[in-house]
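Beneath this line is the structure, given in structure tokens, with notes to follow.
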Number of protein chains: 2
Amino acid sequence: MATRPSRPALRARYDRRRQEILLGAARVFAQHGYDQTAMPELAEALGLATGSLYHYFPGKEQLLMGICDQLLDPLLEQARALLDREDPPEQQLRALVRLWVAHVVECRDHMLVFQQERHVIERGATWRGVRASRKRFERLVEEVLTRVDEAGAATLADRKLALWALLGMVNHTAQWYRARGPLGAQQIADGYVDLLLAGSGVLSSSAGSATR
Amino acid sequence: MATRPSRPALRARYDRRRQEILLGAARVFAQHGYDQTAMPELAEALGLATGSLYHYFPGKEQLLMGICDQLLDPLLEQARALLDREDPPEQQLRALVRLWVAHVVECRDHMLVFQQERHVIERGATWRGVRASRKRFERLVEEVLTRVDEAGAATLADRKLALWALLGMVNHTAQWYRARGPLGAQQIADGYVDLLLAGSGVLSSSAGSATR
DNA sequence: TCGAAGTCCGAACGAGCATTCGATATCCTT
DNA sequence: AAGGATATCGAATGCTCGTTCGGACTTCGA
């Protein structure tokens with residue numbers, strides 16, 4: 001009945017199993033779609049009985065929510081840590097996009113599910129938390145762009161447009177990235193940043209973008 | 001039972017009604033999600049009885065397929081016409097992105113549905129046609145980028161990455177564009193093109209991008 | 001104006017699904 | 001080693017939803 005063990009010694013195992021289930025669920029949902037995946041089907045893919053799923057999650061929707069959290073929480077945390085440091089804005093931007101792309105590539109399935117279920121996430125009070133996280137992250141990106149702009153190193157033609165362009169590029173990466181492909185996460189990230197910065201008439205191919 | 005009238009005089013009305021239904025369905029699917037929308041619910045939103053839907057479409061899936069066609073066919077056609085002309089590559093790129101963004105903005109609902117149902121579209125023989133159209137359009141974009149590159153006007157750091165970046169930016173536009181927003185479709189398109197071209201060290205703000 | 005073709009209706013059907021639950025097996029603690 | 005907590009099971013339940021169908025109404029063509 002989805003109860004976290006009261007005995008502390010067992011919590012670790014329970015939590016770990018929960019995370020594993022989310023990982024597997026993300027994979028299956030990304031492939032077959034959230035609604036098209038039946039709970040028994042998911043359970044089988046995870047090597048569990050149907051009922052066991054409900055030991056870890058009260059329902060299907062919480063599974064989806066867990067996937068969103070697993071995607072957004074670490075991203076937000078890393079981004080915050082980065083913004084707190086007082087590095088030059090341009091360097092911050094590059095670092096942010098690098099970790100972001102790396103995360104998207106790492107959590108490709110989560111990302112695909114997150115995008116596919118936009119219509120669920122964008123409605124209803126239950127999803128306020130997820131929406132807030134997404135919003136917070138986007139604001140962090142915007143903040144970095146603002147810093148870059150104000151540092152005068154680069155002037156973005158339109159800051160909002162630059163933000164949305166960046167969001168589009170990075171998020172879309174989940175759709176085409178292949179682990180065995182010729183491009184690594186860092187190369188991709190640097191490519192995006194170069195577009196954005198060079199696009200505003202600064203460095204044509206920043207020293208910082210030299211990769212591997 | 002979804003039979004096209006044999007009497008020619010009635011075909012026009014039938015076809016028109018079909019298109020209208022697709023339009024409405026796209027709106028509802030974009031908002032509530034394809035799977036989450038029940039056929040009676042959809043029918044009601046369209047001011048029809050449940051059974052009437054099946055007069056125009058043999059099933060729910062064909063509704064989705066119709067939406068994809070309504071999105072891709074005109075886009076593909078316009079793009080082809082553009083590529084056939086012998087304009088300078090750079091101008092072609094700008095024109096292509098302009099009509100593309102305009103279409104995305106025009107068919108925002110279709111686009112959202114198309115993106116959300118990726119997992120359906122990418123599987124199964126039934127969807128081969130839609131996949132082929134998508135692929136064909138992407139190849140047209142790639143072709144234009146190649147021309148730009150080879151004309152020597154601009155050298156894209158990595159042509160594939162540029163292509164995917166562009167696809168990401170433009171497709172993502174459907175997520176944030178608002179008709180009452182400050183940015184028009186053409187401004188957005190030009191912004192994207194400027195990023196791409198300026199990003200490769202050519203024109204910082206092309207004359208062609210002057211909008212309105 | 002008559003008959004046929006087309007359009008629309010909405011209750012009823014049956015398959016598929018999320019979730020429940022009582023039982024069983026396994027694990028910690030003492 | 002015993003007992004309670006935890007973990008897993010999978011068949012049964014009740015509901016939702018896509019689709020069907022027989023009939024009523026409307027429009028077209030001659």
Side-chain angles (χ1 to χ4, degrees), chain A residues 1-25 28-29 31-67 113 117 119-120 124 126, chain B residues 1-22 24-25 28-29 31-67 113 117 119-120 124 126-127:
Chain A
M1 211 236 283
T3 332
R4 199 145 175 266
S6 58
R7 235 170 324 158
L10 298 182
R11 292 228 186 116
R13 181 170 49 151
Y14 180 86
D15 290 342
R16 203 174 340 115
R17 197 99 185 73
R18 243 180 89 99
Q19 300 302 314
E20 279 172 18
I21 290 175
L22 285 180
L23 232 63
V28 179
F29 286 163
Q31 214 154 74
H32 302 327
Y34 171 74
D35 285 295
Q36 309 255 3
T37 305
M39 290 297 271
E41 187 187 338
L42 175 62
E44 195 192 28
L46 297 174
L48 281 173
T50 313
S52 302
L53 278 177
Y54 289 84
H55 184 62
Y56 293 95
F57 296 90
K60 199 181 182 184
E61 209 172 33
Q62 282 72 23
L63 227 34
L64 183 56
M65 215 171 296
I67 289 173
V113 174
E117 299 307 316
H119 53 96
V120 181
T126 329
Chain B
M1 209 235 284
T3 330
R4 198 147 176 264
S6 59
R7 237 173 319 161
L10 299 182
R11 293 231 186 112
R13 179 169 51 153
Y14 180 85
D15 289 342
R16 202 175 338 116
R17 198 98 184 73
R18 242 182 88 101
Q19 300 303 313
E20 279 173 18
I21 290 175
L22 284 180
V28 179
F29 286 163
Q31 213 153 75
H32 301 328
Y34 171 73
D35 285 295
Q36 309 255 4
T37 306
M39 289 298 272
E41 187 186 339
L42 175 62
E44 196 192 28
L46 297 174
L48 281 174
T50 313
S52 303
L53 278 177
Y54 289 84
H55 185 63
Y56 293 94
F57 295 90
K60 199 181 183 186
E61 210 173 32
Q62 281 72 25
L63 227 34
L64 182 55
M65 214 170 299
I67 290 173
V113 174
E117 297 308 317
H119 53 96
V120 182
T126 329
W127 293 91

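Chain identifiers are assigned alphabetically (A, B, ...) following the order of the sequence lines, protein sequences preceding nucleic acid strands; residue numbering begins at 1 within each chain.
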Is [X] close enough to [N] that one of its side-chain N or O atoms is under 4.0 Å from OP1 or OP2 there?
{"X": "A/S6", "N": "D/dT6", "answer": "yes"}
{"X": "A/H55", "N": "D/dA7", "answer": "yes"}
{"X": "B/Y54", "N": "D/dC21", "answer": "no"}
{"X": "B/T50", "N": "C/dG10", "answer": "no"}
{"X": "B/R17", "N": "C/dC8", "answer": "yes"}
{"X": "A/S52", "N": "D/dC9", "answer": "yes"}

Validate the cation-pi geometry between A/K60 and A/Y34: distance from NZ or CZ to the six-membered ring centre under 6.0 Å, angle to the ring axis within 45°. yes
Whole-Å distance between [N] [atom2] and [X] [atom1]?
{"X": "A/Y56", "N": "C/dT19", "atom1": "OH", "atom2": "C1'", "answer": "18 Å"}
{"X": "B/R7", "N": "D/dT26", "atom1": "CZ", "atom2": "C1'", "answer": "11 Å"}
{"X": "A/Q36", "N": "D/dG18", "atom1": "CD", "atom2": "C1'", "answer": "13 Å"}
{"X": "B/M39", "N": "C/dC9", "atom1": "CE", "atom2": "C1'", "answer": "15 Å"}
{"X": "A/E41", "N": "C/dA18", "atom1": "CD", "atom2": "P", "answer": "9 Å"}
{"X": "B/Y34", "N": "D/dC17", "atom1": "OH", "atom2": "C1'", "answer": "12 Å"}

Non-hydrogen atoms of B/P5 and B/L10 that approach each other most closely: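 Heavy atoms of B/P5 and B/L10 come nearest at CB-CB, 3.9 Å.
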DNA chain D: B/E61 or B/R13, which has the more 5' nearest nucleotide? B/E61
Does A/G51 or B/K60 map to a spot on DNA chain D nearer the 5' end, using the closest nucleotide for each? A/G51
For the backbone of B/G59 and the side chain of B/Q62, can you confirm whether one donor and one acceptor N or O come within less than 3.5 Å of each other?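 Judged by distance alone, yes, a pair lies under 3.5 Å.
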Whether the side chain of B/T37 engages the backbone of B/G33 through a donor-acceptor N/O pair (distance < 3.5 Å, no angle test) should be reported. yes
Qualifying residue, where the test is side chain to side chain contact (heavy atoms under 4.5 Å, CB included) with B/Y14 and the options are B/R18, B/R16, B/R17: B/R18
Identify which nucleotide among C/dG10, D/dC9, C/dT7 has an atom closest to any side-chain atom of B/P5, counting heavy atoms from C-beta outward. C/dT7
